[in-house]
There are 2 protein chains.
Amino acid sequence: MTTEPRQGAQAIRRALMVLRILAAGRETGVPLTEVVQATGLTRPTVHRIVHVLIEEGIVERHEKTGRYAIGGQVPELALARPSRSPLLAAADNILARTSQRVGDTLFLTVRTGNDTLCIDRRIGSYPIQVLSIEVGARRPLGVSSAGVAILAAMPTPDARKIVTANEVRFAGYRTSVATVLSQIALAKRRGYNLREAGLVQGTKSLSTWIKTPDRRPAAAITVSAVRTRLGPRREQEVAEILLEAALAIEKKIESLP
Amino acid sequence: MTTEPRQGAQAIRRALMVLRILAAGRETGVPLTEVVQATGLTRPTVHRIVHVLIEEGIVERHEKTGRYAIGGQVPELALARPSRSPLLAAADNILARTSQRVGDTLFLTVRTGNDTLCIDRRIGSYPIQVLSIEVGARRPLGVSSAGVAILAAMPTPDARKIVTANEVRFAGYRTSVATVLSQIALAKRRGYNLREAGLVQGTKSLSTWIKTPDRRPAAAITVSAVRTRLGPRREQEVAEILLEAALAIEKKIESLP
DNA sequence: GGTTTGCTGTCCATAATGTGGACAGAATTG
DNA sequence: CAATTCTGTCCACATTATGGACAGCAAACC
């Protein structure tokens, strides 16, 4: 039962749009033009918003590069909340165990708005590990393996809506609405998502989804490994392990609160 | 060299004002009326702002109590930044060592706007410990022992300005502009701040300040203990230890970046 | 060295946006 | 069941935020 629109706050909504784009830029930040492109706002508007946010300490500007990034006051506001989310708490042990069993790096990714956000990473024991994605990494839903998995876990019309909304941002990741939609369809049929060409060359990823007690997608577990380590046979094995882990986390969430 | 005003963003500034008030309410949150009182905005305006922020996931509303609190998306945005601030990194070891030497609970508190924010806490070894203040606790500058210490570390006019700005909020903490100003004067003379009656009954606090390389106040270290444990002699001892710790942290900050 | 390209920053007339007084419901209290 | 205290909603109005147009600056190109 989602409450419908609400007006009288265009500026605030726009500011948040900007913030979310900046968040995707992590420490390095994002140049103004890119924010303009990603938000669809005009340049003077973005400029004004960003500079007010700087005055307020919510955004920082890197002197050298001129890029804009999330400022120091955001973590300060975040301190007002209990430190670990219920999902993170529920997943903790299970991820640790699963990461040991698999030996490759595991990622826990949630949906936030139209983005995916990596909230946990467990490094495996195998000597070659894919570490490109870090905790805090944020990308448009549909771009990453986890993103496709999460989209595959929701009703097709909903997924379609999100993918369309992200269309403008896909360009930067060399993908398209059509590609993403077909990936979602494939993942739905398979029961998990598989990505042959990861964001890093020569890697392969496999994601399963986690749903909340009310059956809405909550997160995804992803394994990333160098391609040679995920042949057809091992793919089956790993998929089963991840599906198991996802189920275990779902159960734990139900039992906790 | 602070850049001067900037207009065209009243709404955004107001939203942030609201957010900061909500942050002070931590997990329990704040009722609408209190936000109205603290911000000086009208009720319809606050109501609108808060509800837009709810739609955006930045604010949450507790079903039972109807109170408003910082929402789950704020920590998500915070993930875009490196996890530990330079100050926290610099203070880490020194706080641990000092906490051992003193035996009572230590707090590290920073200034953020017109508030103090507790960003670290080290529990001591002595069997009776004052734990009332938690990491994330946020109060108007001037209300807590650490707040007075930080104000004492800045030029009097600056401090006076902040204290005046906080006047409306002091009522809720049973203090006043005059009281705070006299406490600041006392702390300045003494070189550290002493508070006989802590926020919790029967406790006593002692705070020293930490300055950044450019000599602006950055933070405060506070010891809180039951009153009987901080007699005149021990007060001297503890003060010296804290002053030493503050100096050590200042040096470490300079050496790091 | 000119000129083109790609970026950031600023102005200001304009209309769309956010505002807040007034009204209403809901819950608690005496 | 009036009185009080909270939250939520409406809508006429003017204050606020908007964005087209202009400007500066650096790097890349000819």
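Protein chains get the first letters and strands the later ones, always in sequence-line order, with residue 1 at the start of each.
The closest side-chain heavy-atom distance from A:Val180 to A:Asn166 is not below 4.5 Å. Residues A:Thr109 and A:Ile119 have side chains not in contact (no heavy-atom distance under 4.5 Å, counting atoms from C-beta outward). A:Ile253 is listed as a side-chain neighbour of A:Pro213, based on a closest heavy-atom distance under 4.5 Å. Looking only at side-chain heavy atoms (C-beta outward), B:Arg13 and A:Val52 come within less than 4.5 Å of each other. Side chains of B:Thr203 and B:Arg227 form no contact here, defined as non-hydrogen atoms less than 4.5 Å apart.
C:dT17 atom C1' lies 13 Å from atom CD1 of B:Ile49, rounded to whole Å. Rounded to an integer number of Å, the gap from NZ of B:Lys64 to P of D:dT7 is 18 Å. Computed from coordinates, the A:His62 NE2 to C:dT8 P distance equals 14 Å when rounded to whole Å. Computed from coordinates, the B:Met17 CE to C:dG18 P distance equals 16 Å when rounded to whole Å.
Between B:Tyr68 and D:dC6 there is no side-chain N or O to OP1 or OP2 distance below 4.0 Å. Here A:His47 does not reach the OP1 or OP2 of C:dT8: none of its side-chain N or O atoms lies under 4.0 Å away.
Relative to the side chain of A:Pro44, the nucleotides C:dG9, C:dA22, C:dT10 differ in distance, and C:dT10 lies closest.
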Between the protein and nucleotides 13-17 of chain D, list the N/O to N/O atom pairs that are separated by less than 3.5 angstrom.
from   : atom 1 : to      : atom 2 : distance (Å)
D:dT16 : OP1    : B:Gln10 : NE2    : 2.8
D:dA17 : OP1    : B:Gln10 : N      : 2.5
D:dA17 : OP1    : B:Ala11 : N      : 2.6
D:dA17 : OP2    : B:Ala9  : N      : 2.9
D:dA17 : OP2    : B:Gln10 : N      : 2.9

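With hydrogens and angles ignored, a donor-acceptor pair under 3.5 angstrom links the side chain of B:Arg43 to the base of D:dG8.
Of the residues in residues 20-40 of chain A, those with a non-hydrogen atom less than 4.0 angstrom from any atom of DNA chain C are A:Pro31, A:Leu32, A:Thr33.
Summarising the local packing, CZ of A:Arg174 is surrounded by 12 or fewer heavy atoms from other residues, nucleotides or ligands at distances under 6.0 Å. Within 6.0 Å of atom CZ in B:Arg160, 12 or fewer heavy atoms from other residues, nucleotides or ligands are found, so the atom counts as exposed in its surroundings.
Annotation: side chain to side chain donor-acceptor pair (under 3.5 Å) contacts involving residues 17-30 of chain A, sequence neighbours excluded, comprise A:Arg20-B:Glu56, A:Arg20-B:Gln73.
Within 4.0 Å (heavy atoms only), B:Arg67 reaches no atom of the nucleic acid at all.
Residues B:Ser176 and B:Phe170 approach most closely at C-CD1, 3.9 Å, considering heavy atoms.
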